[in-house]
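Taking it in order: structure first as structure tokens, then the write-up.
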Amino acid sequence: MEIIETISCLPVQDPPEDEFSAADLTWTKFGTADRYDEVAVIPYNRVDTFIIGECSNIECPTRFHIERGRKRSKGSLKEHKSDDYLEYKLYWCSFGPENYGEGGSILPSRRYRLNTRNRAARPQSMRGCTCHFVVKRLYALPSLALIVYNDRRHVNKSGFLCHGPLDRDAIGPGAKKIPYICNEIQQQTMSMIYLGIPEENVLEKHIEGIQRYCGADPKVNSLASQYVQKMGMIIKRSTHELDLDDQASIRMWVERNKKSIFFYQDNSETDSFILGIQTEWQLQQMIRFGHHSLIAADSTFGIKRLKYPLSTLLVFDSRQHALPVAWIITRSFAKHDVAKWMKALHERASSAEPGWKINGFLIDDAAAEVDPIKDVFSCPILFSLWRVRRSWLRNIVKKCSGIEVQREIFKRLGRIVYSIWSGVNALTALEELIHDFADQSLFIQYFEASWVPKIEMWLSMMGTLPIASQEASGAIEAYHVKLKAKLFDDSHLGALQRVDWLVHKLTTELHSSYWLDRYADESDSFKNVKEEYVASTSWYRASQIPDSAVSFDGEDRLFAKVASQKDGNPARVVWNPGSEFAFCDCLWSLQGNLCKHVIKVNFMCESSPDSQPSMSFQSFKDVLVDICKMPMDDSVALDLSMAWTLQMVDQIKQLVELKSSNDIGSVVNTLPLQWVSKKGRTSVGIPSAACSGRPLDSQITKTVKKSRKRKRIGRWR
């Protein structure tokens, strides 16, 4: 095969099949005599179908992941070659060579054996496969993609097949006869075992996953049963104590799980202990749901009971549920320490997806350092009230006698917070509260010791930052409740002061729980798991209550009643309706949580003109007022501020319309027509040579000539 040094003469290949692979393309050697790769040009919109076809290889079924990616903006290159890229992505076989087991070297193929004594056993998907290719979206012709296949064979560095039915020494049950167990099937099986699902159900789902690759085979059932039993035995016998010394145990865990760590700083005389955990799946979810969206922090969990407090970074998934994407274990909240792990996390996401950016960061602690967030993420910061509300309500119910007293104190505390916008003196209202309820000595002592010294700091933070919505607060609280139930189980109370136990609990049970929730929702399997996951937030449960079930007490609306949807259950009473500090008499609310009855009643109050607006709306209105506030000299800055305000209002209206509409077509038809540039309008209607299969030479030459002509005209001027 002749080696070419430019791709301008390559034809564009577009196989008619819905899915095609490398076998359906004609490959050309590109490079020099010393080093060359096999290349082919296809339409850019067919890249996904090519990748699907490559994953469906009969001899070596697999999946490809993006190992590295880069992007350029159009016009960033003054001069460009025919193979320069606009987008660059390196795809590597998921059975690739990465291995971070003990020793860190690539382990050779070996026969199937699960060594229960070796807890550092190599993850079974890391087989040393060298198959990888590059997809370049061409700079000169963005509608085309150049496929550069660096290595088409699924072999290791020794040249032997390392996965699939032809691999004689592959790890896995009967790998000679059936395809290898991929990451997804293995993670599904592990998640089900960690969550305590019966073995027969685990085996059934495991066999279904394997049969997607190899079809029905009687031998599969027997081998899969052995695999599930041995996997369950390993998980059951596994322990968090890699060493009797907790600090040494953590060092060993860090050494064996480098791919799941984005930042680690050991404890010393000058440095505080910091451990940042993020699995590959969590990284994918953060990139997917955090890009141009929100990240929230559940901070200082277990500050009194754990050896080191736990902070969690959360994203909101497709159902607006809080999904943990990173765990940070540390006792230090100093600005320089927070900046360290935040920079490491941001760099990890940006290296995996260039251009990744969030639109907002939610905090729940008034003492949190906001400067690192601004410096690293360069985004607005919002404040969530869920921690304040939960702490106050739990202690009111616990320390105050009588439900009438409880709801009145909670209402008065809400007025103190609302004083940020109402103009009431917060300190005066606080003194009146302490004086009027002096007989509730337990609560007053708690409030004076824990909140009075810092109440001004919290109110100042609430008045400075925009307030997050109740839906976001409810989602964060739902994660917090689930985390507490997982960690503070009575059977683990003796291990709370060990960091290795906390790490083990997070990366096994909690991680598996959220992985299975997302998998059940997206694959529409595990119906019970999906139903429980969908209904896990009070916001969703409130949306299932019909409006007819809510009734208010006269015109004053001092309280509202929510009829139960289950026969025999009493109606719930919600006092102080329309406020974030509404008080419900249901068991879930009395435990300090934001219940579905409060959310539903607040839904109904939003349509009432007499009801006070929510705190999030109040803070949003203040932001708008600040934007359009008239400058002192009545200058052009006033026009600019007004323009920004109107632009923001128009965008919000479009988002609300899109959110409430069931037909996206009707929304699109009402949008104003936007013309593209003259060059774009002209070139859209011209048939591209790429579609007709003509060589690229004429198009690239034409582009270069046009650019030279513009330069000459510029010199004459």
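We use all heavy atoms of the structure for the numbers below, so side chains are in, but hydrogens, waters and symmetry mates are not.
Checking D317 against Y533 by side-chain atom types alone, a donor-acceptor pair falls below 3.5 Å. With no hydrogens or angles considered, no side-chain donor-acceptor pair links R68 and Y88 at under 3.5 Å. Remark: the E532 side chain and the S536 side chain contain no N/O donor-acceptor pair separated by less than 3.5 Å.
Considering all non-hydrogen atoms of both residues, D517 and K482 come closest at OD2-NZ, 3.1 Å. Scanning all heavy atoms of the two residues, the minimum distance from A475 to Q320 falls at CB-O, 3.6 Å. Nearest heavy-atom pair, D151 versus R153, reported as atom, atom and distance to 0.1 Å: OD1-N, 3.2 Å. Among all heavy-atom pairs drawn from F333 and P309, the shortest one is CZ-CB, 4.3 Å.
The main-chain N or O of S384 is never found under 3.5 Å from a side-chain atom of D364 such that the two would form a donor-acceptor pair. With hydrogens and angles ignored, the 3.5 Å screen pairs a side-chain donor or acceptor of T130 with a backbone N or O of V155. Under a 3.5 Å cut-off, the side chain of R394 and the backbone N or O of Q591 do form a donor-acceptor pair. Formation of a donor-acceptor pair under 3.5 Å by the N257 side chain with backbone atoms of S260 is not found in this model. Remark: the backbone N or O of A22 is paired with a side-chain donor or acceptor of E54 at under 3.5 angstrom. In this structure, the side chain of S513 does not engage the main chain of E509 through any donor-acceptor pair within 3.5 Å. The closest donor-acceptor contact from the side chain of K307 to the backbone of L502 lies at 3.5 Å or more, if one exists at all. In this structure, the side chain of W92 engages the main chain of C129 through a donor-acceptor pair within 3.5 Å. In this structure, the side chain of H292 does not engage the main chain of N359 through any donor-acceptor pair within 3.5 Å. Remark: side-chain polar atoms of S538 are paired, donor with acceptor, to backbone N or O of L594 under 3.5 angstrom.
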Side chains of residues 343-356: which donor-acceptor partners sit under 3.5 Å, not counting sequence neighbours?
{"unit_1": "R348", "atom_1": "NH1", "unit_2": "Q278", "atom_2": "O", "d": "2.8"}
{"unit_1": "R348", "atom_1": "NH1", "unit_2": "Q278", "atom_2": "OE1", "d": "2.9"}
{"unit_1": "R348", "atom_1": "NH2", "unit_2": "K259", "atom_2": "O", "d": "2.6"}
{"unit_1": "S350", "atom_1": "OG", "unit_2": "H346", "atom_2": "O", "d": "3.0"}
{"unit_1": "S351", "atom_1": "OG", "unit_2": "E347", "atom_2": "O", "d": "3.1"}
{"unit_1": "S351", "atom_1": "OG", "unit_2": "R348", "atom_2": "O", "d": "2.8"}
{"unit_1": "W356", "atom_1": "NE1", "unit_2": "M286", "atom_2": "O", "d": "3.3"}

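Partner of Q247 under the side-chain hydrogen bond (donor to acceptor under 3.5 Å, both in side chains) criterion, chosen from N267, D266, D500: D266. The ring pair (Phe, Tyr, Trp, His ring centres under 6.0 Å) with Y91 is formed by just one residue from the set F133, Y149, F50; it is F133.
With rounding to the nearest 0.5 Å, the separation of CG in L310 from CZ in R305 is 13.5 Å.
With a 6.0 Å cutoff to the six-membered ring centre and a 45° limit on the axis angle, R319 does not count as a cation-pi contact of Y540.
Ring-plane geometry between F273 and Y264 is classed as perpendicular, the angle between the planes exceeding 60 degrees on a 0 to 90 degree scale with a lower cut at 30. Taking the six-membered ring where tryptophan is involved, the planes of H480 and F301 are perpendicular, since the angle between them exceeds 60° and thus also 30°. The aromatic rings of W515 and Y519 lie parallel to each other, their planes meeting at an angle below 30°, with 60° marking the opposite boundary.
Residues satisfying the side-chain contact (heavy atoms from CB on, under 4.5 Å) test with Q265, not counting sequence neighbours, are F263, D271, I274, D337, K340.
The aromatic ring centres of F95 and H154 sit 6.0 Å or more apart. Checked against the 6.0 Å centroid criterion, the rings of H504 and W253 do not qualify as a close aromatic pair.
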Between R387 and D298, is the salt bridge (charged side-chain N to carboxylate O under 4.0 Å, His left out) condition met? List the steps. CA-CA 9 Å; R387 185 179 296 276; D298 175 18; 2.9 Å; yes
